[in-house]
Protein chains: 2
Amino acid sequence: MRPLYHPPLEEITIEGILYALSDPVRIRIFVQLANADCTRNCSAFLNVCDTPLPKSTLSQHFKILREAGLIRSERKGVELQNHSRCAELKDTFGPMISAIVQAYSQRMTISPPLR
Amino acid sequence: MRPLYHPPLEEITIEGILYALSDPVRIRIFVQLANADCTRNCSAFLNVCDTPLPKSTLSQHFKILREAGLIRSERKGVELQNHSRCAELKDTFGPMISAIVQAYSQRMTISPPLR
DNA sequence: CCAATAGTTCGGAAGTATAGAACTAATGGA
DNA sequence: TCCATTAGTTCTATACTTCCGAACTATTGG
């Protein structure tokens, strides 16, 4: 099993970030991580949408968030601890990411959970 | 030929916007439209990346931007006049879109044209 | 050392993107 | 009026992605 890859700042692209967040499941995961500002393991998100996700699918989603540079995942025993890289990204991308998180959080509270 | 579809505000989603802007060609087109704040026809962007795009591909890209709610295209004679819907979107999405445009514009000036 | 748990990888089916060719639609002359 | 031209769309085949079940790896606790 290859080790988890976390791109350095200079390898992170705007396109990659936007792509990662353009999926309804991934943006939900990321916004929850960013808002909570705590670490959560992957399977905590198995029920992120109303029909439970297969774990292979969830694993792919985390990989995409990770390789876009949005989250960091560290193995802790048998689980992965995931947390957002918001703070790091602020220097390079300014208010972009927090603006996305905020816009999404706001819509969430207006329109119901979805999907 | 079916008429061009422009979604009303309440049909525009964050995921759709992020997806539309996650493509290197589309984000370049959109940022240019948003920054210039003027109308440009589609073929003005044939050379938006260093190898000229086929016009069928470009047409698809414009369709995706349009149906994501990011631009408005109006037929004017034989051409389409395209302009961004930034102003309209501000009410619903706050500073999200301008933050993306700004982040991208800034990186453009740092790293060379690309792709 | 075995069983259990958490996550990854593989592979095939289903969906999406790209770009050439054929098409439509509007215009500006002869 | 009709033809040529220009701008953009649609069609279609091929190539690429995504999704998810099944099989795998890795860590831990008993």
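Here is the naming used below: chain letters follow the sequence lines, and residue numbers restart at 1 for every chain. The structure displayed is predicted, hence computed values, not measured ones.
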Which nucleotide, [options], lies nearest any side-chain atom of [X]?
X: Ser59(B); options: dA22(D), dT10(D), dT9(D); value: dT9(D)
X: Thr57(B); options: dT18(C), dC11(D), dT9(C); value: dT18(C)
X: Pro54(A); options: dG20(C), dG8(D), dG21(D); value: dG21(D)
X: Leu80(A); options: dT9(C), dG8(D), dT8(C); value: dT8(C)
X: Arg2(B); options: dA6(C), dG8(D), dT10(D); value: dT10(D)

- Query: When you check every protein heavy atom under 4.0 Å of nucleotides 25-30 of chain C, what one-letter string (B, S, -) results, 5' to 3'?
  - Reply: BBS---
Using side-chain heavy atoms (C-beta onward) and a distance below 4.5 Å, is [X] in contact with [Y]?
X: Phe45(A); Y: Gln32(A); answer: yes
X: His6(B); Y: Ser73(B); answer: yes
X: Pro52(A); Y: Leu46(A); answer: no

Pick base, sugar-phosphate or nothing for [X], based on heavy-atom distances below 4.0 Å to the nucleic acid.
X: Leu4(A); value: sugar-phosphate
X: Arg66(A); value: sugar-phosphate
X: Arg40(A); value: nothing
X: Ser43(B); value: sugar-phosphate

- Message: Restricting to salt bridge (Lys or Arg N to Asp or Glu O under 4.0 Å), what partner residues turn up for Arg66(A), sequence neighbours left out?
- Response: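 Listed in chain order: nothing, the list is empty.
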- Query: Residues two or more places apart in sequence or in another chain: which of them pass side-chain hydrogen bond (donor to acceptor under 3.5 Å, both in side chains) with Ser105(A)?
  - Reply: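 Only Asn35(A) meet the side-chain hydrogen bond (donor to acceptor under 3.5 Å, both in side chains) criterion with Ser105(A).
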Provide, to the nearest angstrom, the distance between the [atom1] atom belonging to [X] and the [atom2] atom belonging to [N].
X: Asn41(B); N: dT9(D); atom1: CG; atom2: P; value: 11 Å
X: Ile29(A); N: dG7(C); atom1: CD1; atom2: C1'; value: 14 Å
X: Leu58(A); N: dT5(C); atom1: CG; atom2: P; value: 18 Å
X: Gln60(B); N: dA7(D); atom1: CD; atom2: C1'; value: 16 Å
X: Leu53(A); N: dT8(C); atom1: CG; atom2: P; value: 14 Å
X: Glu67(A); N: dT17(D); atom1: CD; atom2: P; value: 14 Å
X: Lys55(A); N: dA22(D); atom1: NZ; atom2: C1'; value: 11 Å
X: Leu46(B); N: dT9(D); atom1: CG; atom2: P; value: 12 Å

- Query: If you group Ile, Leu, Val, Met, Phe, Trp and Tyr whenever their side-chain heavy atoms sit less than 4.5 Å apart, what else falls in with Leu80(A)?
  - Reply: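 Reading the cluster by chain and number, Leu80(A) sits alongside Leu4(A).
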- Can you list the other members of the hydrophobic cluster that holds Tyr5(A), where links are side-chain heavy atoms under 4.5 angstrom apart?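 Tyr5(A) clusters with nothing; isolated.
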- Task: Using the closest heavy atom to pick a nucleotide of DNA chain D for each, name whichever of Cys42(B) or Ile64(A) lands nearer the 5' end.
- Result: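 Result of the comparison: Cys42(B).
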Acceptor/donor pairs from residues 88-97 of chain B side chains to any protein atom, 3.5 angstrom cut, sequence neighbours excluded:
| residue | atom | partner | partner atom | Å |
| --- | --- | --- | --- | --- |
| Glu88(B) | OE1 | Arg72(B) | NH2 | 3.3 |
| Glu88(B) | OE1 | Arg85(B) | NE | 3.4 |
| Glu88(B) | OE1 | Arg85(B) | NH2 | 2.9 |
| Glu88(B) | OE2 | Arg72(B) | NH2 | 3.3 |
| Glu88(B) | OE2 | Arg85(B) | NE | 3.0 |

